[in-house]
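Predicted, not measured: the structure shown is a model, and the values here were computed from it. In what follows, chains are A, B, ... by sequence order, proteins preceding strands, each numbered from 1.
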2 protein chains.
Amino acid sequence: MKIIEVKDIKDNLGKKIKLRGWVRNYRKGSSKLRFIVFRDGTGSVQAIAFKPEMGEKNFEKVKKLTLESSLEIIGIPSEHPKKTGVYEIQLSDINIINIADEYPIGKKEHGADFLLSNRHLWMRAPSQNAALKIRHTVYFAICDYLNQNGFYRFDSPIITPNASEGTTTLFEVPYFDLGSGYLSQSGQLYLEAGIMSLGKVYDFGPVFRAEKSKTRKHLTEFWMMDAEAAFVEHEENMKIQEELIRYVIRTVLEKNRQELDLLERNIENLEKADAPFKIWTHKQAIDYLRSKGVEIDYNDDFGAPEEEMLTSELAVPLFIEKWPKEIKSFYMKRDPEDPKLVLGADLIAPEGFGEIIGGSQREDDHDILLERIKTEGYNVESYQWFLDLRKYGSVPHSGFGIGLERLVQWMSGIRHIREVIPFPRMLNRIYP
Amino acid sequence: MKIIEVKDIKDNLGKKIKLRGWVRNYRKGSSKLRFIVFRDGTGSVQAIAFKPEMGEKNFEKVKKLTLESSLEIIGIPSEHPKKTGVYEIQLSDINIINIADEYPIGKKEHGADFLLSNRHLWMRAPSQNAALKIRHTVYFAICDYLNQNGFYRFDSPIITPNASEGTTTLFEVPYFDLGSGYLSQSGQLYLEAGIMSLGKVYDFGPVFRAEKSKTRKHLTEFWMMDAEAAFVEHEENMKIQEELIRYVIRTVLEKNRQELDLLERNIENLEKADAPFKIWTHKQAIDYLRSKGVEIDYNDDFGAPEEEMLTSELAVPLFIEKWPKEIKSFYMKRDPEDPKLVLGADLIAPEGFGEIIGGSQREDDHDILLERIKTEGYNVESYQWFLDLRKYGSVPHSGFGIGLERLVQWMSGIRHIREVIPFPRMLNRIYP
């Protein structure tokens, strides 16, 4: 007898097969009839236990099952008499592997804290399973696009001697006799060294922010893709980002239709976003907000409410480019047309999902960069290696960073970031 | 005029093209002739500057070039008159982007410490560039194999409340009001929760060991792939590992021939390793070592010298399976045929490259696992969630972990682990 997975049922109709998995749900039809929602990692299917078909002994085994018990089911799959593409299995026998204790999740509405304390079990829920499958797709859609376009994976270090931006939100790690290291907040500076060997590089790993924020948008540990390319300037940098994000949208639509449906994601909104993105300067964005009555200054950054206003009438993501240099990082290149501005762009997702990319052309002039480091009050010594990159064959270059969880939120339509990462780390949570 | 990359030269012979990159090397032919070894991220090519062809003004620019200066070159590529598949470019002009200061690397032999302090520049060297390209291939060959075989990527957390194995080699991270977290040494335990949602999962991220070792095999921060699969038992677990490693070998041979040649890797040895792997029990291995005169006990683990002896006459990797339970981790499943042993297997690479995989079937019985945790003296409370996995639908399952750098070392033939990761972290080094 063939052992198959739920995803392969459609190719095995009418044949006696075995499946291995868990009881997602069950209900009693009559004294002779039980319905089991059976699941494995690849999907779920209804299994029908009918005493006259199975025999008394086998039916007695079915009656012992509890939620989340593990088992093998043996039977013959067929298409549902009324629903095309839906299958069910007429059981002839089952083998119980493990009868689960009374399962703590699912009987009633649970609070977030309870669910997070039971994250190791909660992740079996259909919505959580779907979110993690979409995360897988998004991760590799990003990698595929970059690999196909000549980028090399370049794992930047996690324990670093200094911060790329600021020092107040760093996690400190005592490091042998060297004093302290800090957990990386971005691999970007390291990637700038990598492009001078490999041309185009990216990393895609965990980054850390010791922020005391408790919003639905914050994790202390999250996954970030940073890409960097030699000889790419500001305009082309945005072009690459647009192509990449549109590739991700198409890939998710192609591979995760089932999960999107389960999560009740508005598919049409995703489809519409696969079109040329809109570009505004920071000034245009401020003008727009002021015209809507927002009290905001031309040197101000945006918060989540402003981001939402800016994109509320848009179907596609919005680049906001050319920011006042005071509110952006020291490494961004000044706009040759207006030295008060930098050639950076943030990409804001539609539907209120906020910023998903931050990017810029980088300052490639040694002396201007040195002056920026001094102005920011950073320690020149610790940036010496970074300055070296401008002394030995400096080239124009640009890059950008994508927050994986933010992008998965947008794709999946899940409003809370804690549901798109296997084990979220937050201000008050490192367990399990 | 078309801008191309070095890799595309063969498709643009006879056409005037532009390339952007760096001076890897140069030499004077005569007063009218200069040879430049030009490189970009995709490869390198010889460019010929001949004054009568270029004109005096353009030739003067060439004379200003220094090692690692960045520039655009303009000219017509052709095949080398005597070497098939080797190309060169007759220059008509160059545009200097940045004249490099006197480059600190390459004039003489440098010590390891100097090179590591200049890792941001050293990575441009041909050998280092080749190693990082092979690393890219190995990383995605592993992912491709797993993705094609139904595994989902499942990023396990980095900041964890407790250790998977032991506590002496943990990096501690002060974590807000929660006291301390610890940097992960393996995501395995988390993956065991993941399989009950997704069936087969893997992570592939940085792990950390605060070991006070200063050997050529140790990093404090390295990349590890952990895979875990429900309903997979010990034998099948080894089968998956063998298939995966053989897939990696074939992929590297296919994609990185140029880099392997540059590194003078013995290709034949790699080709020979793509054959059925050998399996010995731990007892057989001890018997063999004793027959060779090694003083070793039947309850002993192996060190690097023993690993080398065991594989010195083998062309293929060697699994060593069924270890005494005292020298292996608490979560390994006991051998039903001999409860003094566990169903674990380590995979040792040939040619002295040592252990590349550790794996096992996992203990799926709640009470035996609880007893093992108590025997080891671990805190039961902090493993409560892990024990839960045996209470709610426990299933037979297995997994394994691959150290990325060890595998890249074997593939590339590079003896020192510090050369197969962009920015190595060691006992005495977190800079740059």
State, with a plain yes or no, whether a side-chain heavy atom of [X] is found less than 4.5 Å away from one of [Y].
X: B:Leu389; Y: A:His120; value: yes
X: B:Pro206; Y: A:Pro206; value: yes
X: A:Ile158; Y: B:Phe208; value: yes
X: B:Leu183; Y: A:Leu183; value: yes
X: B:Leu132; Y: A:Tyr152; value: no
X: A:Trp385; Y: B:Ser117; value: no
X: A:Lys200; Y: B:Glu5; value: yes
X: A:Asn98; Y: B:Val395; value: no

Please state whether the side chain, the backbone, both or neither of [X] comes within less than 4.5 Å of a heavy atom of chain A.
X: B:Leu178; answer: side chain
X: B:Lys7; answer: neither
X: B:Ala210; answer: both
X: B:Ser44; answer: neither
X: B:Arg39; answer: side chain
X: B:Tyr202; answer: side chain
X: B:Leu121; answer: side chain
X: B:Asp101; answer: both

Taking every heavy-atom pair that is under 4.5 Å apart, which of [options] has the most such pairs with chain B?
options: A:Pro396, A:Pro424, A:Gly21; answer: A:Gly21
options: A:Phe386, A:Phe154, A:Tyr103; answer: A:Phe154
options: A:Asp155, A:Val173, A:Ile97, A:Leu67; answer: A:Asp155
options: A:Asp203, A:Val201, A:Asn147, A:Asp388; answer: A:Asn147
options: A:Thr220, A:Asn118, A:Ile421, A:Asp40; answer: A:Thr220
options: A:Arg390, A:Lys391, A:Met196; answer: A:Met196

Query raised in the report: Can you check whether A:Phe176 and B:Phe171 have ring centres sitting under 6.0 Å from each other?
Result: yes
query: Is the distance between the ring centroids of A:Phe204 and B:Trp223 less than 6.0 Å?
result: no
TODO: Determine the interplanar angle of the B:Trp22 and A:Phe231 rings, folded into 0 to 90°, and report it as parallel if under 30°, tilted if 30 to 60°, perpendicular if over 60°.
DONE: tilted
### Query
Should the ring pair A:Phe140 and B:Phe140 be called parallel, tilted or perpendicular, given that the plane angle runs from 0 to 90° and is split at 30 and 60?
perpendicular
Heavy atoms of B:Tyr392 and A:Glu102 approach each other most closely as CE2-O, 3.4 Å
Scanning both residues in full, the closest heavy-atom pair of B:Met123 with A:Ser197 reads O-OG, 2.7 Å
Between [X] and [Y], is there a donor-acceptor pair closer than 3.5 Å when you use the side chain of the first and the backbone of the second?
X: A:Arg425; Y: B:Pro157; result: no
X: A:Ser70; Y: B:Ser394; result: yes
X: B:Glu172; Y: A:Pro174; result: no

Given B:Ala100, B:Ala193, B:Pro422, B:Gly199, the one with more heavy-atom pairs under 4.5 angstrom with chain A than any other is B:Pro422
Per-residue tally against chain A (heavy atom, under 4.5 Å) across B:Glu72, B:Arg124, B:Glu68, B:Gln128 peaks at B:Arg124
Partner of A:Arg153 under side chain to side chain contact (heavy atoms under 4.5 Å, CB included), picked from B:His136, B:Arg135, B:Lys133, is B:His136
Side chain to side chain contact (heavy atoms under 4.5 Å, CB included) test vs A:Tyr175 passes for just one of B:Asn428, B:Ile430, B:Leu427, namely B:Ile430
Honestly, the part of A:Ser184 sitting under 4.5 Å from a heavy atom of chain B is neither
